[in-house]
Amino acid sequence: WKKSEDEPRFFPEEKPLKTSYDVVIIGGGGHGMACAYYLAKEHGITNVAVLEQGYIGGGNTGRNTTIVRSNYLTSEGVKFYDESLKLFEDLSTDFDLNIFYSTRGHFTLAHTDSAMRTMRWRAEVNKHHGIDSEVVDVDTIQKEVPYMDMSCNGQHPVMGALYHAPGSVARHDAVAWGYARGAQMRGVEIHQKTKVSDIKTKSGKVVGVQTDRGFIEANSVVSMVAGSTPRITEMLEIETPIEIFPLQACVTEPVKPFMDTIVVSGSLHVYVSQSSRGELVMGASVDPAELHSTRSTLDFVEGLTDQMMDLFPFTSRLKIMRQWAGMSDITPDFAPIMGKTDVDGFYLDAGWGTWGFKATPISGKTMAYTVANDRPHELIKPFSLDRYANFELVGEKGAASVGH
Ligand code: PYC
């Protein structure tokens with residue numbers, strides 16, 4: 001596909017909504033767009049509609065802190081996220097669109113003996129799978145991040161870190177836009193401001209979705225809605241262990257480039273990188289109470305900036321420019337839920353908690369395979385919903401950058 005010279009729009013004109021599609025994808029974020037893209041590109045399935053209640057990438061895709069990494073704790077997680085990272089590296093070329101993919105190196109700081117133990121554990125699992133991760137000492141960190149106070153204001157001295165050289169950041173909107181444009185150019189339809197209010201079945205098989213623009217027949221329905229997952233699964237009486245917590249983030253005013261690494265401290269509940277615009281992009285833990293809301297709070301910025309000043313004292317002089325929140329669908333084992341369900345023709349891509357952006361390419365690719373073949377892709381078998389009933393959890397809490 002090539003954009004024609006006389007086509008000035010980034011996205012082609014929206015087509016009228018049809019009454020029937022082979023596949024309906026609910027959710028026009030990065031995952032939904034990536035699934036549509038790979039359905040069309042790799043499986044030749046183009047009679048696809050992506051239905052989005054708001055606008056493309058307006059949910060968690062446009063609200064995360066853009067970190068890409070594969071330094072997970074379980075073999076299942078490492079293999080999955082590493083394939084994602086590899087796809088990310090080629091996306092700008094694939095899309096003919098700059099996603100500003102920038103490899104930075106990723107430090108996860110340890111301030112306690114037990115955190116050091118977890119970093120060693122992760123490093124060993126990572127190395128076993130050929131992932132570039134190693135435990136580094138305080139002098140190495142200080143050399144790479146000279147402006148960081150290694151004593152953390154004398155309160156929680158840094159003891160070492162897990163260093164993951166491939167850790168990167170990317171322009172999150174561009175990822176959704178690139179997938180959306182690539183899918184549309186191959187025949188997929190994207191319908192924004194189209195809300196699904198029910199999913200209809202007949203004899204245990206999906207037959208279509210009810211929307212605020214009418215009923216749409218579909219052979220397959222894929223839910224890729226992150227923080228709205230319970231609203232969708234309730235329609236089919238599918239039970240998941242997902243709970244929704246807000247996750248907030250903010251950026252400072254832009255300053256000259258000084259920080260080329262990503263720094264995470266799980267103990268201090270801080271992660272920070274500097275964007276290509278010069279802003280410090282920062283986040284902390286999920287909010288303390290379950291809540292289906294994207295409101296911002298003063299508590300969050302006060303807590304985050306307090307911890308930031310322990311790590312980077314000079315940030316006391318920076319202004320916070322913007323603050324926002326997303327809704328994280330958290331699972332008990334901090335791993336996603338992906339694949340087929342007990343309802344024939346209904347597929348679930350959920351449980352993306354605070355780790356969804358980095359999975360965008362591989363979740364799209366593996367879900368497209370799963371829908372096209374009606375059998376789960378090898379990489380996502382460990383993430384099936386029935387693992388909770390079978391006590392086969394994939395414990396990733398030790399690899400979540402975010403405090404919970
Ligand atoms: O898992 O890398 C991560 C992350 C950073 C911010 C939220 N999640």
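Start at 1 and go down the list; that is how both ligands and their atoms are numbered.
Applying the side chain to side chain donor-acceptor pair (under 3.5 Å) definition to pairs two or more places apart or across chains, those involving residues 229-246 are T229-D329.
Y38 and Y369 have their aromatic ring centers separated by at least 6.0 angstrom. Taking the six-membered ring where the residue is Trp, the centroids of F357 and F88 are separated by under 6.0 Å.
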Which N or O atoms of ligand 1 sit under 3.5 Å from a protein N or O, and how far apart is each pair?
unit_1   : atom_1 : unit_2 : atom_2 : d
ligand 1 : 1 (O)  : R69    : NH2    : 2.7
ligand 1 : 1 (O)  : K358   : NZ     : 3.0
ligand 1 : 2 (O)  : R69    : NE     : 2.7
ligand 1 : 2 (O)  : R69    : NH2    : 3.4
ligand 1 : 2 (O)  : K358   : NZ     : 3.3
ligand 1 : 2 (O)  : S401   : OG     : 3.2
ligand 1 : 8 (N)  : T354   : O      : 2.7

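By the neighbour-count criterion of 12 heavy atoms within 6.0 Å, atom NZ of K127 is densely surrounded, having more than that number from other residues, nucleotides or ligands.
The pair D139-K143 does not count as a salt bridge, with every side-chain nitrogen at least 4.0 angstrom from each carboxylate oxygen.
T211 and R213 share no donor-acceptor pair across their side chains, judged by distance under 3.5 Å alone.
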